[in-house]
Amino acid sequence: MIKSICERLGAEFLEQTPIAPYTSFKIGGLCDIVRVNSVELLRELLATGLPFRVLGRGSNVLISDSGLSETVLLMGEDFAAISVDGEFITAQAGAKLSDVCKAALEAGLTGLEFAYGIPASVGGAVCMNAGAYGGEMRDVIESCTTTAGTLALADLRLSYRHSIFCDEADKIITAAKFRLARSDRAAIKARMDEITQSRLDKQPLDLPSAGSTFKRPPPLTDGTPVFAAKLIDDCGLKGYQIGGAVVSTKHAGFIVNSLKDGGKQGGGATCTDVLSLIEHVRETVKQKTGITLETEVKIWNS
């Protein structure tokens with residue numbers, strides 16, 4: 001049924017294909033994958049009543065070594081149009097967030113600089129209320145179009161790494177509208193360059209990962225901020241390794257996938273390796289500090 005819908009609407013259907021190459025962790029087994037190319041396709045697929053998972057750039061997920069029984073709807077270059085209208089930018093869910101930032105720069109619009117370098121699709125960024133460097137998506141979202149209609153900012157329930165889409169799987173993001181402001185292009189470019197350099201200096205961008213593995217813990221009772229990476233580092237866990245999964249020696253908040261043969265054969269870690277390492281880190285930090293770390297990366301099992 002899915003294959004016939006895809007053929008009729010000109011979408012690519014990949015049957016029992018490794019999902020690992022479509023994730024930033026480079027981990028995951030065999031899945032049926034649909035490359036989404038239209039809202040019509042999404043609506044027809046949803047009408048079948050079959051189970052689906054929606055994947056953007058796969059930068060915040062860890063997928064089972066056994067793959068998934070659900071079909072994966074891949075939001076990517078076939079569903080990635082970006083348009084600028086005055087101080088507003090509208091982008092389809094599959095557009096790269098970095099491309100939206102570049103469009104804002106070209107138009108002399110400020111507000112999205114914080115998002116430059118976040119390896120997410122527009123849909124994924126909205127779903128997780130992605131943020132960095134003092135900004136987050138709820139600061140710039142005007143509205144969001146879904147398979148169930150258009151939602152205004154207030155309806156999205158955006159909070160720390162959370163949105164309505166985390167709770168209501170029947171709504172799939174198809175596009176987002178950003179409200180920005182006019183500014184000097186040179187100033188926008190300077191801030192984007194500054195953020196890029198900071199990421200290069202501080203994050204292990206040379207190895208596959210899912211970004212920050214753990215959420216930022218709440219502050220202490222006296223208001224002192226708490227950072228997951230510092231807790232992990234203070235517990236002596238930098239470089240700790242299980243199988244091919246390693247706590248980054250550059251940034252303890254990242255668990256990275258070590259590569260075989262200098263990366264020529266892809267990732268060396270399995271989902272099981274990463275899950276075991278996550279649990280070891282959580283148990284060690286809890287035992288030594290009393291603080292329970294909550295994972296930010298989404299774990300997908302069938």
Side-chain angles (χ1 to χ4, degrees), residues 2 5-14 17 19-26 31-46 52-61 63 71-107 109 111-132 136-137 140-151 156 163 165 171-180 188 192 196 210-211 298:
I2 294 175
I5 292 173
C6 290
E7 288 176 347
R8 178 164 49 82
L9 296 179
E12 187 175 8
F13 176 66
L14 305 173
T17 298
I19 195 69
Y22 300 99
T23 75
S24 60
F25 236 144
K26 305 306 177 190
C31 304
D32 287 342
I33 301 171
V34 173
R35 289 184 180 273
V36 173
N37 66 349
S38 68
V39 175
E40 182 184 2
L41 173 71
L42 285 173
R43 288 177 176 155
E44 287 208 25
L45 291 175
L46 290 177
F52 296 98
R53 299 261 193 170
V54 182
L55 187 69
R57 296 192 67 196
S59 58
N60 194 45
V61 294
I63 300 179
T71 297
V72 176
L73 304 181
L74 186 65
M75 301 284 198
E77 59 187 16
D78 294 341
F79 198 64
I82 300 171
S83 63
V84 180
D85 182 10
E87 296 182 354
F88 295 92
I89 294 182
T90 300
Q92 288 185 308
K96 294 179 182 178
L97 191 57
S98 58
D99 286 345
V100 180
C101 295
K102 291 174 184 176
L105 170 62
E106 181 66 24
L109 298 174
L112 271 171
E113 291 89 333
F114 75 89
Y116 191 60
I118 294 177
S121 66
V122 165
V126 174
C127 181
M128 291 302 297
N129 187 29
E136 55 188 358
M137 299 308 291
V140 292
I141 288 289
E142 172 75 11
S143 62
C144 188
T145 307
T146 78
T147 50
T150 299
L151 299 176
L156 297 177
S163 73
F165 306 103
K171 295 181 177 67
I172 296 179
I173 299 167
T174 58
K177 185 176 184 179
F178 302 92
R179 46 176 170 74
L180 304 173
I188 298 170
M192 290 168 67
T196 298
K298 299 298 181 182

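Computed from a prediction, not measured in an experiment: that's the story for all the values here.
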Original post:
Do you know the tightest heavy-atom contact between Ala104 and Leu180?
Top reply: CB-CD1, 3.9 Å
**OP:** For Val36 and Asp78, run side-chain contact (heavy atoms from CB on, under 4.5 Å): C-alpha distance rounded to whole Å, both residues' side-chain angles, the deciding distance at 0.1 Å, then the answer.
**Re:** CA-CA 6 Å; Val36 173; Asp78 294 341; over 6 Å; no
Original post:
Between Val34 and Leu41, is any pair of side-chain heavy atoms under 4.5 Å apart?
Top reply: yes
Subject >> Test applied, side chain to side chain contact (heavy atoms under 4.5 Å, CB included); reference residue, Leu55; option that passes from Leu73, Ile19, Ile33 >> reply: Ile19
**OP:** Taking Ser163 for its side chain and Cys127 for its backbone only, find out whether a donor-acceptor pair lies under 3.5 Å.
**Re:** yes
Original post:
Would you say Glu136's side chain and Gly131's backbone share a donor-acceptor pair under 3.5 angstrom?
Top reply: no
Subject >> Close side-chain approach of Asp85 and Thr90, heavy atoms under 4.5 Å >> reply: no
Original post:
Hey, does the side chain of Thr71 reach the backbone of Phe52 with a donor-acceptor pair shorter than 3.5 angstrom?
Top reply: no
**OP:** Start with the C-alpha gap between Phe13 and Glu7, add the side-chain angles, then the distance that decides, and say whether side-chain contact (heavy atoms from CB on, under 4.5 Å) holds.
**Re:** CA-CA 8 Å; Phe13 176 66; Glu7 288 176 347; over 6 Å; no
Subject >> Evaluation steps, side-chain contact (heavy atoms from CB on, under 4.5 Å), between Met75 and Val54 >> reply: CA-CA 7 Å; Met75 301 284 198; Val54 182; 3.9 Å; yes
**OP:** Determine whether Thr174 and Phe79 make a side-chain contact, defined as any pair of heavy atoms from C-beta on separated by less than 4.5 Å.
**Re:** yes
**OP:** State plainly whether the residues Arg35 and Glu12 are in salt-bridge range, i.e. N to O under 4.0 Å.
**Re:** yes
Original post:
If you take all heavy atoms of Asn37 and Gly10, which pair is closest and at what distance?
Top reply: ND2-O, 3.1 Å
**OP:** Please examine the side chains of Phe178 and Val140, heavy atoms only from C-beta on, and report whether any two atoms are closer than 4.5 Å.
**Re:** yes
Original post:
Which atoms form the tightest heavy-atom contact between Ser59 and Pro119, and what is the distance?
Top reply: OG-O, 2.5 Å
Original post:
Once you round to the nearest 0.5 Å, how far does SG of Cys144 lie from CD1 of Ile173?
Top reply: 4.5 Å
**OP:** Would you give the length of the straight line joining atom CG of Leu42 to atom OG of Ser38, rounded to the nearest 0.5 angstrom?
**Re:** 7.0 Å
Original post:
From Leu74 CG over to Arg53 CZ, what is the distance, rounded to the nearest 0.5 angstrom?
Top reply: 14.5 Å
**OP:** Would you mind reporting whether Tyr22 and Leu14 have side-chain heavy atoms less than 4.5 Å apart?
**Re:** yes
Original post:
What's the shortest heavy-atom distance between Ala148 and Lys171, and which atoms?
Top reply: CB-CG, 4.0 Å
**OP:** Under the salt bridge (Lys or Arg N to Asp or Glu O under 4.0 Å) rule, collect the residues that match up with Glu44, sequence neighbours excluded.
**Re:** Arg8
Original post:
Out of curiosity, Arg179 CZ to Phe88 CZ, how far, rounded to the nearest 0.5 Å?
Top reply: 8.0 Å
Original post:
Shortest non-hydrogen contact from Ala103 to Ile89?
Top reply: C-CD1, 4.2 Å
Original post:
What distance do Leu45 atom CG and Cys6 atom SG have between them, rounded to the nearest 0.5 Å?
Top reply: 5.5 Å
Subject >> Side-chain touch Glu40/Leu9, heavy atoms, less than 4.5 angstrom >> reply: yes
Subject >> Flag, side chain of Glu113 to backbone of Ile188, donor-acceptor distance under 3.5 Å >> reply: no
**OP:** Kindly give the heavy-atom pair with the smallest separation between Leu109 and Glu87, and that separation in Å.
**Re:** CD2-CA, 3.9 Å
Subject >> Test item: Ser24 side-chain N/O and Gly58 main-chain N/O as donor-acceptor pair under 3.5 Å >> reply: yes
**OP:** Would you check if Val100 and Leu112 make a side-chain contact, meaning some heavy-atom pair closer than 4.5 Å?
**Re:** yes
**OP:** Report yes or no: does Thr147 contribute a side-chain atom to a donor-acceptor pair with the main-chain N or O of Ile172 at less than 3.5 Å?
**Re:** yes
**OP:** Run the numbers on Met137 and Phe114 for side-chain contact (heavy atoms from CB on, under 4.5 Å), then give the verdict.
**Re:** CA-CA 9 Å; Met137 299 308 291; Phe114 75 89; 4.1 Å; yes
**OP:** Kindly indicate whether the side chain of Lys96, heavy atoms from C-beta on, has any atom under 4.5 Å from the side chain of Arg57.
**Re:** yes
Subject >> Over 12 non-hydrogen atoms of neighbours within 6.0 angstrom of CZ in Phe165 >> reply: yes
